[in-house]
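Encoded as structure tokens, the structure appears first; notes follow it.
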Amino acid sequence: MCGIVGYVGTRSSVEVLLGGLKRLEYRGYDSAGVAVIDDHGHLDTRKHAGKLGILSDDLVATPLTDGQTGIGHTRWATHGGPTDENAHPHLGDEGKLALIHNGIIENFSELKAELLAGGHTFASQTDSEVAALLVGDAFRESGDLTTAMLSVVNRLEGAFTLLAVHSDQPNVVVGARRNSPLVIGLGEGENFLGSDVAAFVEYTHHAMEIGQDQLVTIRPDSVEVVDFEGTPVSPKTFEVNWDASAAEKGGWSSFMAKEISEEPEAVAKTIIGRVHDGLVDLPEVTALGADVLSSIDRVLIIACGTAAYAGMVGKYAIEQWARIPVDVELAHEFRYREPVLSPNTLVVSISQSGETMDTLMAVKYAREQGARTLSICNTQGATIPRESDAVVYTHAGPEVAVASTKAFVAQITAIYLLGLQLGQARGTLSPERARGLVAELQSVPEKLSTVLATGERIKELAHWMADTRSVLFLGRHVGYPVALEGALKLKELAYIHAEGFAAGELKHGPIALIEPGQVVFVIVPSPRDPSSLHAKVVSNIQEIRARGARVIAIAEEGDVAVLPHADEVIRIPLASPFFEPLLAVVPLHIFGMELAAAKGLDVDQPRNLAKSVTVE
Ligand code: F6R
């Protein structure tokens, strides 16, 4: 939700801001804007509704007088529609101050009424303009941007990252955050602020976290952080472990195509360095203490969307391997029903961005209730890991396309590592069994590369189905969350009706949806699995086929039993049941992307969405 970048140094700030916004555009693409303090100490802004390209084209056609200090914003609208007026920056102090905002100011109506009564007028329908006017008024009293921002932040309720510049202090950018992301990029004679490190990774890999309710002032050669009381704090620094090229398309038609192609690597990198002597070794988890690990009597996984489906897959594995009951809950449903938690509950949050507000609030709530919290996260310096007792990072690399793909397989990998570690620590997995499972997990990346090779056939199917209005997905056991994931991708990318069902549930209602021509993807369990699920799913296929469904089966190599019953079979390599989801999901990711592409849609930036949902 909204991408934010700030710069102060010696470079052209317009160039730095536009480059940063380009890499942050996945966070919101309703409108974009910049404010720059030019070489004459004059503040100028430019902003436009629509994608970032409209703003950059305009800045090429009619350049701003450039300077070395500036702020930039790419928006996902909350208060006020995506119009030029509502685009950020917003102005205060008679146009001398510019401010950008990510989040929601919940008490904006009261503040707006107060400002109107004081004689202010508003140029937009946003909540953000309230902050611009308040900080502008406070600057007039103190003549200092840090002091002005400090005096305002404690009056704001809700979630916010604010950045501001003022023409009377030309070499200063001030940022503040509460429940919304902000990181600092440390350079030589220059410093940066960004919603995430992608904003500045082109210029520096040296970064600094900024905590909740903290305020930062950057100048070309200094960075000062204080809490909202004004007390100095010393934040942690970290090194960004990926290059700017990782966040570029690199010749692919879309970020999504590139990220799907990186699914094998995402799994491999998440495992690397975490296996010793054939067994899982996650110091992040063992650091919780042997007594804690043995006393855990319940695991509760909280996440949203695709991350929640990864959690559902994880439930089956942790229960089987560590023999601990596992519940999976959508983070936004969690804290509003007084859930029962104890110090023996391990609450595992899963989040690619590490900033999803629903998940963050659920983690905070769980901690307040005394539960242990562990996060599985893909983004260094993000808020959720910082708010958790432990973190297991996925190493999928930056995910730019709004729809999550490589993060999903990396999340499943991480939760499997956690399940194996718990099973090893609690003695519910013998070392031999654990070694066998670890070896199979390590073989997944190579198998994934084989699955990627089926991409051309899936593309043909997708193009041939470009007019399809509804697609259903069926799966069982770990195949069920994969069915949900396949349906979600199709909804968000191709804007068509799609639903995922547990195959066994079909006869309890959804089978009524089947009519001649209805396309149904079925994730078929392995016939080698000792459970009878393969036969049951084949029966389900026969039931829907008898009613006219067109069945596309995703089945393992050598499964001939499925052939007579499917219109099309997409093959995945042999794997034992827990590893099938990692393989079976890839054709569905490709299908979602290709069907959207066949309809001429933007697969990286689907309508109405933003990658990082930092509002509740
Ligand atoms: C779907 C998708 C979303 C996210 C969800 C959680 O393709 O990307 O459903 O999975 O918004 O986001 P994170 O993982 O960043 O918490």
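In each ligand, atom 1 is the first atom listed, and ligand 1 is the first ligand listed.
- In this structure, the side chains of Thr413 and Thr394 stay at 4.5 Å or more apart for every pair of heavy atoms.
- The closest protein non-hydrogen atom to atom 12 (O) of ligand 1 is Thr356 OG1, 3.5 Å.
- Residues Glu499 and Leu513 meet the side-chain proximity criterion, which asks for heavy atoms closer than 4.5 Å.
- Here the two rings, on Phe521 and Phe591, have centers that are under 6.0 Å apart.
- Taking atom 15 (O) of ligand 1 as the reference point, the nearest protein heavy-atom neighbour is Ser353 OG, 2.7 Å.
- For the pair Arg367 and Asp389, the salt-bridge criterion is met [side-chain N within less than 4.0 Å of a carboxylate O].
- Contact atoms of ligand 1 toward Ala307: 10 (O), 14 (O) (distance under 4.0 Å to a heavy atom of the residue).
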Evaluate the side-chain contact (heavy atoms from CB on, under 4.5 Å) criterion for residues Val183 and Phe200: first the C-alpha distance (whole Å), next the side-chain angles of each, then the deciding distance (0.1 Å), finally the verdict. CA-CA 10 Å; Val183 279; Phe200 49 73; 4.0 Å; yes
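- Every atom of ligand 1 is numbered from 1 in the order shown, and the set under 4.0 Å from a heavy atom of Ser351 is 13 (P), 14 (O), 15 (O), 16 (O).
- Among residues at least two apart or in separate chains, side chain to side chain donor-acceptor pair (under 3.5 Å) pairs with a member in residues 248-261 are Lys258-Glu262.
- Residues Thr468 and Arg550 form no side-chain contact, since every pair of their non-hydrogen atoms from C-beta on lies 4.5 Å or further apart.
- In summary, the atoms of ligand 1 found under 4.0 Å from a heavy atom of Val402, numbered by their order in the structure, are 8 (O).
- Near Leu488, meaning under 4.0 Å from any of its heavy atoms, are these atoms of ligand 1: 1 (C), 9 (O).
- Every atom of ligand 1 with a heavy atom of Lys489 under 4.0 Å away is listed here by number and element: 1 (C), 7 (O).
- Proximity of a side-chain donor or acceptor of Thr454 to a complementary backbone N or O of Val451 within less than 3.5 Å is detected.
- Of the protein's heavy atoms, Cys304 O, 3.4 Å lies nearest to atom 6 (C) of ligand 1.
- Remark: minimum distance from atom 11 (O) of ligand 1 to any protein heavy atom is reached at Val613 CG2, 4.2 Å.
- Thr306 N, 4.1 Å is the protein heavy atom nearest to atom 3 (C) of ligand 1.
- In the vicinity of Gly305, heavy-atom distances shorter than 4.0 Å reach the ligand 1 atoms 9 (O).
- The Glu492 neighbourhood of ligand 1 comprises atoms 1 (C), 7 (O), with distances under 4.0 Å to a heavy atom of that residue.
- Scanning the protein for heavy atoms near atom 14 (O) of ligand 1, the closest one is Gln352 N, 2.6 Å.
- Side-chain contact between Leu417 and Leu441 is present, with heavy atoms from C-beta onward closer than 4.5 Å.
- Of all atoms in ligand 1, listed by their number and element, those nearer than 4.0 Å to a heavy atom of Ala403 are 7 (O).
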